[in-house]
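All remarks here apply to the structure that follows.
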There are 2 protein chains.
Amino acid sequence: MSDTTDSDWQRTTIDSAQAAAHPETAQAVAKIKELRQSIDNIDSAIISLLAERFKATSRVGVLKASAGFAPEDMKREDYQIERLHRIAIDAGLDTDIAEMYREFVVTEAKKRHQRIAQAGGDPGVLDVFA
Amino acid sequence: MSDTTDSDWQRTTIDSAQAAAHPETAQAVAKIKELRQSIDNIDSAIISLLAERFKATSRVGVLKASAGFAPEDMKREDYQIERLHRIAIDAGLDTDIAEMYREFVVTEAKKRHQRIAQAGGDPGVLDVFA
């Protein structure tokens with residue numbers, strides 16, 4: 001693609017127009033489209049699992065607030081770090097990604113636990129679709 | 001828990017010692033433990049799916065590098081934002097969480113695409129366990 005400008009290189013839209021304009025890339029476009037369908041399916045599954053995860057951590061937040069427990073539990077976090085690291089290696093996932101994932105969900109869960117505690121144990125404070 | 005100090009409140013370790021010291025919280029401890037087992041199972045599933053997702057995006061990175069495509073594709077990102085927002089609402093997940101998830105995986109995938117492109121299309125550059 002000798003006619004590719006710098007800005008094109010920064011952002012390439014991969015679609016049938018791209019394939020038509022550069023027939024030599026048509027096969028790559030087709031393969032990328034197929035992989036993207038798998039990526040989309042994986043994202044659907046992960047979003048559904050994240051929904052269940054945050055429902056579970058919201059229940060934990062209510063229990064913690066009613067029992068007077070803190071949002072934070074460092075022993076639990078150490079356990080999670082070690083466990084997710086191990087699972088990531090087994091699954092062939094970069095352990096940095098696993099740790100970023102853990103930090104993301106744990107941080108957001110703790111923020112929500114704090115909001116529940118501040119609302120006197122009412123999980124309705126998180127019910128964004130109510 | 002009138003004997004709870006400020007620092008205790010900041011960090012509560014939820015375990016059988018906690019339950020023994022404060023019998024009135026034993027039921028909450030038991031319920032939290034049960035929920036945590038579900039949370040751990042969900043995390044195992046998500047880590048496995050993330051492993052598959054990054055394998056797929058790594059393949060996309062190789063195809064993009066060999067075809068001379070950019071790591072970034074804004075039209076694809078707009079599509080993903082709209083799609084994940086919709087799936088999150090259906091699943092009962094805070095759409096902010098869905099967007100944070102998307103930003104996390106897309107940012108990391110793009111970083112890896114750039115590393116593959118810089119390595120002349122060699123995905124081995126990402127093979128952290130080799």
Side-chain angles (χ1 to χ4, degrees), chain A residues 1 4 8-15 25 28-29 31-32 35-36 38-40 42-57 59-60 63-64 66-70 72-76 80 83-84 87-89 91-95 97-98 100-101 104 108 126 128-129, chain B residues 1 4 8-15 25 28-29 31-32 35-36 38-40 42-57 59-60 63-64 66-70 72-76 80 83-84 87-89 91-95 97-98 100-101 104 108 126 128-129:
Chain A
M1 300 204 304
T4 301
D8 280 346
W9 202 90
Q10 287 303 307
R11 294 175 180 185
T12 309
T13 298
I14 294 158
D15 56 14
T25 66
V29 168
K31 278 187 194 162
I32 290 172
L35 285 164
R36 282 181 171 177
S38 293
I39 292 164
D40 286 345
I42 291 168
D43 281 341
S44 301
I46 292 179
I47 292 292
S48 302
L49 286 165
L50 283 175
E52 289 307 306
R53 194 189 197 284
F54 278 90
K55 278 178 202 170
T57 52
R59 275 178 224 123
V60 170
L63 289 163
K64 280 184 171 180
S66 66
F69 297 155
E72 199 156 54
D73 180 345
M74 293 314 286
K75 238 172 123 174
R76 164 76 175 156
Q80 286 174 310
R83 184 177 178 274
L84 293 187
I87 293 172
I89 291 173
L93 178 68
D94 187 338
T95 53
I97 298 282
M100 278 183 260
Y101 161 74
F104 157 51
E108 291 306 316
L126 302 183
V128 287
F129 307 118
Chain B
M1 301 203 306
T4 302
D8 280 346
W9 201 90
Q10 287 304 307
R11 293 174 180 186
T12 310
T13 297
I14 293 158
D15 55 14
T25 66
V29 167
K31 278 187 193 163
I32 290 172
L35 285 164
R36 281 181 172 177
S38 292
I39 291 164
D40 285 344
I42 291 168
D43 280 341
S44 302
I46 292 178
I47 292 293
S48 302
L49 286 165
L50 282 175
E52 288 307 305
R53 195 191 197 282
F54 278 90
K55 280 178 201 169
T57 52
R59 275 179 223 123
V60 170
L63 289 163
K64 280 185 172 180
S66 66
F69 297 155
E72 200 155 54
D73 181 345
M74 293 314 285
K75 238 172 122 174
R76 164 77 175 156
Q80 286 175 309
R83 184 176 177 274
L84 293 188
I87 293 172
I89 291 173
L93 178 69
D94 187 336
T95 53
I97 297 283
M100 279 183 260
Y101 161 74
F104 157 51
E108 290 307 315
L126 302 183
V128 287
F129 308 117

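Everything numeric in this text was worked out from a predicted model, so none of it was measured. Just so we're on the same page: letters track the sequence lines, and every chain starts at 1.
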In terms of heavy-atom proximity below 4.5 Å to chain A, should Arg83(B) be classed as side chain, backbone, both, or neither?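 Just the side chain, heavy atoms under 4.5 Å.
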Contacting moiety of Ser66(B), where chain A heavy atoms sit under 4.5 Å: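 No part of it gets close to chain A.
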For [X] versus [Y], what's the shortest heavy-atom pair and its separation?
X: Ser48(B); Y: Ala91(A); value: CA-CB, 4.4 Å
X: Ala51(B); Y: Gly92(A); value: CB-C, 4.4 Å
X: Thr13(A); Y: Asp73(B); value: CA-OD1, 3.4 Å
X: Tyr101(B); Y: Phe104(A); value: N-CZ, 3.8 Å
X: Asp43(A); Y: Leu84(B); value: CB-CD2, 3.8 Å

Side-chain contact test, heavy atoms from C-beta onward, threshold under 4.5 Å: evaluate it for Phe69(A) versus Thr25(B) and give yes or no.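 In short, these two side chains touch, coming nearer than 4.5 Å.
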Can you confirm whether Ile14(A) sits close enough to Arg76(B) that some side-chain heavy atom of one is under 4.5 Å from a side-chain heavy atom of the other?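 A side-chain contact under 4.5 Å is absent here.
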Determine the option with the most heavy-atom pairs under 4.5 angstrom with chain A, choosing from Val60(B), Leu63(B), Val29(B).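 Sorted descending by pairs with chain A, the first entry is Leu63(B).
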Could you walk me through whether Arg53(A) and Ile39(B) pass side-chain contact (heavy atoms from CB on, under 4.5 Å), step by step? CA-CA 6 Å; Arg53(A) 194 189 197 284; Ile39(B) 291 164; 3.4 Å; yes
Between atom CD1 of Ile32(A) and atom OG1 of Thr57(B), what is the distance when rounded to the nearest 0.5 Å?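 The OG1 atom of Thr57(B) is 11.5 Å from CD1 of Ile32(A), to the nearest 0.5 Å.
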From Asp40(B), Ile46(B), Ile47(B), residue fulfilling side chain to side chain contact (heavy atoms under 4.5 Å, CB included) relative to Ile87(A):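 When side chain to side chain contact (heavy atoms under 4.5 Å, CB included) is applied between Ile87(A) and each of Asp40(B), Ile46(B), Ile47(B), only Ile47(B) qualifies.
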List for me each residue that meets salt bridge (charged side-chain N to carboxylate O under 4.0 Å, His left out) alongside Lys75(B), sequence neighbours excluded, and say none if there are none.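 So Lys75(B) forms a salt bridge (charged side-chain N to carboxylate O under 4.0 Å, His left out) with Asp15(A).
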By salt bridge (charged side-chain N to carboxylate O under 4.0 Å, His left out) - contacts of Glu108(A) (at least two apart):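 By the salt bridge (charged side-chain N to carboxylate O under 4.0 Å, His left out) rule, Glu108(A) matches Lys111(A), Arg112(A).
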Looking at chain B, which one of Lys31(A), Met100(A), Arg59(A) has the largest number of heavy-atom pairs inside 4.5 Å, strictly under?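 With the most close heavy-atom pairs to chain B, the winner is Met100(A).
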Top contributor to chain B contacts, counting heavy-atom pairs under 4.5 Å, from Lys64(A), Lys55(A), Gln80(A):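 Winner by heavy-atom pair count: Lys64(A).
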Under 4.5 Å from any heavy atom of chain B, what part of Ser38(A) do you find: side chain, backbone, both or neither?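 For Ser38(A), no heavy atom lies under 4.5 Å from chain B.
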